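Notes follow the structure.
In what follows, chains carry the letters A, B, and so on, assigned in the order in which the sequence lines appear, proteins first and then strands, with residues in each chain numbered from 1. It should be emphasised that the depicted structure is a prediction, and the values quoted were computed from it without experimental measurement.
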Amino acid sequence: MHEDQFAAFVRTALARAGVEMDETDLAVIRVADAVYGPDREALMAADLSGTPLEHDLDPSRPPSGPRREMAR
Amino acid sequence: MTAPGGARPDHPQDLTLREQARAIATGELDATELLEATLGRIEERDRELNSVVDRFAAESARMLSEAPDGPLHGVPIAVKDMFALPWREPRDGSTRNLTGVAAGESSVYRRLRDAGAVVVGVTNMHEHGAGSTGHISAYGPCGNPWDPARCSGGSSGGSAAAVAARLVAGAVGTDGGGSIRYPAAYCGITGLKLTWGLVPADGYTHAYSSMSAPGPMCRDAADTRLLGEALVGRPLEPHRAQRLRLGHVPALWEDVDPEVAAVCEAAVDALREAGMTVTEVELDGLEHVRIATVLRLTLEDAAAIPPQVARDHEPELSPIGRALSKYRSLIPAEALVRADAVRAQVRHALLDACATADVLVWPTVAAPAPPIADTSVQLPSGTVPADYSNVRMGGIANLTGAPALSAPCGFTQAGLPVGLHLITHWRDPERLLDVADLLEQATGRRHVEAAPPLAQKATV
């Protein structure tokens, strides 16, 4: 059976990381990617220039100091 | 006398947490009898639910015998399977935890002990905290007391189910991506995600997380305040909420089950009639909150677990957990950087919103608890996995670190609970309890006193 592009990518990428994969893994990963993949691609394509940076992020308190923005 | 929903006020397990504590303090209730009644009720009533996966008759009796005179003296509390106890290593809903947390005194254990509480059992949870449904666990799925064929939520589903079923009056959960608030909404209880860092993280399996915080889960706001005070080690002083400004965030009322939206809107109306002002508030960055939350959570988990440990543990994982642990390897690093940009954006947006509203409000979950057999939910936009829907609603509190709460606010026609989500400024977790308390008063406490069918059966 000819392996589709997604399966080939997953198998190759995991093999490079030394991770074995079976058909169950592939089926679950395929579903997960179908669900979350579009959101991830939208994030990757988003223009985030101008969004504030927070290199000293402390989740216990609100952001402090003036806003510094990502470079355009 | 019969309490709303058929609970039995003469049974110590049907008392609220504060009533139990008060009755023990005044000598009206014997703490040993309460502990035995708790263990007995778990034994009988939990068979349908599977919410308490380990019980400690001997250890809890020993804790009781040594309990100091604290605000929770002699009161049984259940804790999620993420905290080290002197006699038990946490397992994270799996066969073992992967971050090497051994048996010992976690901060949560110490704070409960110092308040005089008795740790009576460990609650079920979604495997490694990686889900909002609670149906995947090495202990088996956890049922919802309102319908045991439905999910209790995740990942703190066992804690929510145990409280809702009146097995314990209070439980401790954790919230890394909504994991206290979703189960609280599904099971009709009050769940508070505390501000990140308010409870020290030692002895907690996800202590590495910049997203996750422990918190109290109880039937109502007053009990949640009492248990929360024990966890943070200081008073969470009550204040009048009537003059506070409630910020309605329109984007998070979109794509919500119409019945859930109507119940939550009615709760907002009740708060408005009780004196709160309601204004519309916009939050920047919401369109990427879901994926930013998922990326941050999954990659923090991946980074915290040594690769060899992950590989060795692989055969013990559920098939879904195993595959998802591999899926993490495929996420490009740039995505995490972008997720952190969204995180900063949302933190600034919340801070800005707090200038015009004291508390922001939307439904905790967009749809009620799905069946264990099919954990997808039906939304106006279509059918999606519950996890996918839920994290859109709850992730902002984890990305920002701010406190958030789910308050019971009604039921669907099918009798499933609905939760109202409240979030506020980092410094004011008390304010959420004030609003939840006002909501209870404004609705005659009927939602917090309602007991699920399982709790109406004549039992121990």
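Distance alone, capped at 3.5 Å, is enough to place a donor-acceptor pair between the B:D358 side chain and the B:R245 backbone.
Both the backbone and the side chain of B:D387 come within contact range of chain A, with heavy atoms under 4.5 Å apart. For chain A, no part of B:P403 is nearby; none of its heavy atoms comes within less than 4.5 Å. Heavy atoms closer than 4.5 Å to chain A are found in the side chain of B:V342, but not in its backbone. Interface residue A:V35: backbone and side-chain heavy atoms are both found under 4.5 Å from chain B.
Counting heavy-atom pairs closer than 4.5 Å to chain B, the top residue among A:A17, A:S60, A:P59 is A:P59. Your options are A:A13, A:A32, A:A27, and the one with the most heavy-atom pairs under 4.5 Å with chain B is A:A32.
Residue pairs meeting the salt bridge (charged side-chain N to carboxylate O under 4.0 Å, His left out) criterion with at least one partner in residues 32-44 of chain A, sequence neighbours excluded, are A:D33-A:R40, A:D39-B:R290.
A salt bridge does not link B:K326 to A:E20: none of the charged nitrogens lies less than 4.0 Å from a carboxylate oxygen. A salt bridge does not link B:R296 to B:D301: none of the charged side-chain nitrogens sits closer than 4.0 Å to a carboxylate oxygen. A salt bridge between B:R311 and B:E316 is absent, with no side-chain N of the basic residue lying under 4.0 Å from a carboxylate O of the acidic one.
When each of B:K193, B:R181, B:R343 is checked for a side chain to side chain donor-acceptor pair (under 3.5 Å) with B:N398, only B:R181 meets the rule.
Residues of residues 422-431 of chain B that come within less than 4.5 angstrom of chain A, heavy atom to heavy atom, are B:H425, B:W426 in numerical order.
Counted within 6.0 Å of CZ on A:R16, heavy atoms from surrounding residues, nucleotides or ligands total 12 or fewer; the atom is thus considered open.
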